[in-house]
J.: 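Can you keep this structure in mind? I'll have questions shortly.
All chains are named by letter (A, B, ...) in the order of the sequence lines, taking the proteins before the strands, and each is independently numbered beginning at 1. Being a predicted model, the structure only gives us computed values, none of them experimental.
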Number of protein chains: 4
Amino acid sequence: MKQKMIDVSIHLFDKKGFTETSIQEIVDELGVTKGTFYYYFTNKQELLTTIHLNFIEFLLKKQEEILQDEAKDSREKLRAMIYMVLQSINERKKSARIFFREMRNLGPKYLEQNVEKRDQFRKNLQQLVEEGIHKGEFQEDLHADMVTRGILGMTNWSYYWYNPEGDVSAEELTDIYVEILLNGINKSD
Amino acid sequence: MKQKMIDVSIHLFDKKGFTETSIQEIVDELGVTKGTFYYYFTNKQELLTTIHLNFIEFLLKKQEEILQDEAKDSREKLRAMIYMVLQSINERKKSARIFFREMRNLGPKYLEQNVEKRDQFRKNLQQLVEEGIHKGEFQEDLHADMVTRGILGMTNWSYYWYNPEGDVSAEELTDIYVEILLNGINKSD
Amino acid sequence: MKQKMIDVSIHLFDKKGFTETSIQEIVDELGVTKGTFYYYFTNKQELLTTIHLNFIEFLLKKQEEILQDEAKDSREKLRAMIYMVLQSINERKKSARIFFREMRNLGPKYLEQNVEKRDQFRKNLQQLVEEGIHKGEFQEDLHADMVTRGILGMTNWSYYWYNPEGDVSAEELTDIYVEILLNGINKSD
Amino acid sequence: MKQKMIDVSIHLFDKKGFTETSIQEIVDELGVTKGTFYYYFTNKQELLTTIHLNFIEFLLKKQEEILQDEAKDSREKLRAMIYMVLQSINERKKSARIFFREMRNLGPKYLEQNVEKRDQFRKNLQQLVEEGIHKGEFQEDLHADMVTRGILGMTNWSYYWYNPEGDVSAEELTDIYVEILLNGINKSD
DNA sequence: AATGAATGAGCGTTCATTCAT
DNA sequence: TATGAATGAACGCTCATTCAT
């Protein structure tokens, strides 16, 4: 029942927003009463926190796997990571949208925990960029921090518009983004 | 008074969120009563819509100016546009954040109007990319739509994190992003 | 409307208890809605506080009048004060009962304010007892503090049981209590 | 387990009030679940009733012992009774406070039973007063009912303020109250 | 141009109680 | 003996909105 509640909440929070979704609506969807909700969660924020943590921890785990793959060089790791983010945002689209939109409603205590993990994710990517620079795979004079922000902007923003049922698959989008990031769009003269 | 109301609303909607800000709080800030609010706006959504339209129309106007500058080639126009977006998001940070976050609360009628202008903005950028391709400034085989999405992701995402008081100025960030977009981060062999 | 709300609340809080009385019940009695209640009071506790302060301030004012009456000696002042308390508890029986019973529900901030005034009332009485001792009207070796507590116990307790429609009027009860306090019930040998 | 429940309830009802204490809090304190509570009590009111009856029956038993002590005259019995009440209120302070404060929440059925015993206690004291009058120990013209009320006010009120850790022991307070009641505070001329 | 009083619907939350196991 | 899941009714409170003045 707890998992069911999480599932329908993800659906509703995505569709209507956290504040705009009432607990009544959540329990109605499951044919139970509000009391039942409070048997499983201490309050509405705890539910949101659960959704947030599930998502960021999933991302961090996937990221870890890529970083520890010794068979890949930095470029391949970057590609893998971009693909992973696009893929994850897409597979768990609703969670992703909640993750990016509903941070304010977490409440100070949970927020801190959450921000820490977000930062961890970004810093892991940044470290990969720096590694690539050191190893001579990427240009030397890059501003690793800003490059990382740029990459994350590109990929994260996909939560806003990307529809994998459209013309472009996640793989193709990965190719396009990786190509831009590595080689740019300039016509070399 | 109407403008004052818009101004404090921008401040509050940014700080607390649209739904989380009550009309009481808005009018308290101005030392008037709720009735006064309803003298100037038919409802809360109309106020939000006003804020949204102000922002997107400002962006569209700026964009227009760049597009019509015949002295610039496509690369220069792209640079100008990236700079303009970063700059605008930064100068009107609060409006920008409301613009990106509080779309859901516009209500179907206003939403449509708004989406149209957003799309217009994106399509204008896409047209610029396509122009660059045709003119041989950008590579031929680019997926203009996805490239545009990538550029917007990079730039728009800055509303999420960018702090111009930090190490990197808007000009520098523009340089970094333009460099990535045009030439990539790859170390050319 | 605010005064009306206070009035029916006094009635209901006395009859059912503070916690046991809902705001719905209060407003139903007046044919208005809950919103109206919150137009006049910031919360339920504020209403209770108002009732408490009204009562204790009324008592303090009456007490002051007696203390400043220079025509009376200590015995007469004591009699006057006992009569005043019995009279007040009786006239404002409902407020009195709320005052004695519903202290716990005041909330820390309001409680402090309230306790201060209660203490003031008691200390004023104690001072009268001490004065009587100094002036040779009361016995020398009295424990003024405990005597004061005893007097207040006698009189305040009347909120618990006294019914002026019964055999004994407030004046008669005053006589009885004063007689006990001054001369005791002992049969002098 | 049942007795444990009564004990923690006395503690909590005293600290927070009957209505303000939830059954959840009671069972949490014991590490059991709410179901367990309902195995031992049919409802919350029954628990309160148990506490009330325990206390008043304890008082009645003590009172009985005093009344049947043929070695004491009326004055001595009165002293013994005052001491017993002060002592009992003090030793069982929490129960006493619940007893005096939480009568309203007993529910009509239990209330009646309770009031009967309270009345019995008062009438027993009144009878003692009357006896003292008949035997010539107390003055003839006393209003026995009101005198009894006064005595009970003095002693019962101690639940409200008396702290035996302070300057005055229960024995001393008894002496003070008995002295007032028997001989008054007047300076005999 | 602005106020002040009031509404009405809804919300998050609490809690005594039930009952199958 | 005790648990764990669930109910259902109520509660304090908020808030966008209305409207006579």
J.: Please give the nucleotide sitting opposite E:dA1 as a Watson-Crick or G-U wobble pair, both distances under 3.5 Å, or none.
T.: none
J.: To the nearest angstrom, how far is A:K2 atom NZ from F:dG4 atom P?
T.: 14 Å
J.: So, is A:Y38 near the phosphate of E:dT14, with a side-chain N or O under 4.0 Å from OP1 or OP2?
T.: no
J.: Identify which nucleotide among E:dC11, E:dT3, F:dC13 has an atom closest to any side-chain atom of B:V32, counting heavy atoms from C-beta outward.
T.: E:dT3
J.: Short question: side chain of D:Q113, backbone of D:Y110 - any donor-acceptor pair under 3.5 Å?
T.: no
J.: Across all strands, who's sitting opposite E:dC15 as a Watson-Crick or G-U wobble pair, both distances under 3.5 Å?
T.: F:dG8
J.: Counting the atoms with a prime plus P, OP1 and OP2 as sugar-phosphate, which does A:T33 contact under 4.0 Å by heavy atoms, base, sugar-phosphate, or nothing?
T.: base
J.: Please give, in whole Å, the distance from E:dA5 P to B:F37 CZ?
T.: 21 Å
J.: Taking for each residue the nucleotide of DNA chain F bearing the nearest heavy atom, is the 5' side occupied by C:T36 or by C:I23?
T.: C:I23
J.: Round to a whole Å and report the spacing from CG of C:N43 to P of F:dC11.
T.: 17 Å
J.: Please state how far atom CG in A:L47 lies from atom C1' in E:dT13, giving the value in whole angstrom units.
T.: 15 Å
J.: Find which nucleotide of DNA chain F each of B:T19 and A:M1 is nearest to by heavy atoms, and output the residue with the more 5' nucleotide.
T.: A:M1
J.: Looking at residues at least two apart in the chain, or sitting in another chain, which of them share a side-chain contact (heavy atoms from CB on, under 4.5 Å) with D:E91?
T.: D:Q87
J.: Show the nearest heavy-atom pair for residues C:R118 and C:F99, with the distance to one decimal.
T.: NH2-O, 2.6 Å
J.: Hey, does the side chain of A:Y40 come within less than 4.0 Å of F:dA6's phosphate (OP1/OP2), counting only N and O?
T.: yes
J.: Is A:K34 side chain donor-acceptor paired with the E:dT13 base, going by distance under 3.5 Å alone?
T.: yes
J.: Hey, which of these two, B:G35 or A:Q45, hits DNA chain E nearer its 5' end, going by closest nucleotide?
T.: B:G35
J.: Just the rounded figure in Å: distance from P of E:dC15 to NZ of D:K16.
T.: 7 Å
J.: More than 12 heavy atoms of other residues, nucleotides or ligands under 6.0 Å from CD of B:Q3: is that the case?
T.: yes
J.: Mind calculating the distance between CG (A:N105) and P (E:dC11) to the nearest angstrom?
T.: 15 Å
J.: Please tell me if B:Y39 has a side-chain N or O lying less than 4.0 Å from either OP1 or OP2 of E:dA1.
T.: yes
J.: Looking at C:F13, is C:K94 sitting on its ring face, NZ or CZ under 6.0 Å from the six-membered ring centre and within 45 degrees of the normal?
T.: no
J.: What is the separation between atom NZ on D:K44 and atom P on E:dT18, rounded to the nearest whole Å?
T.: 15 Å
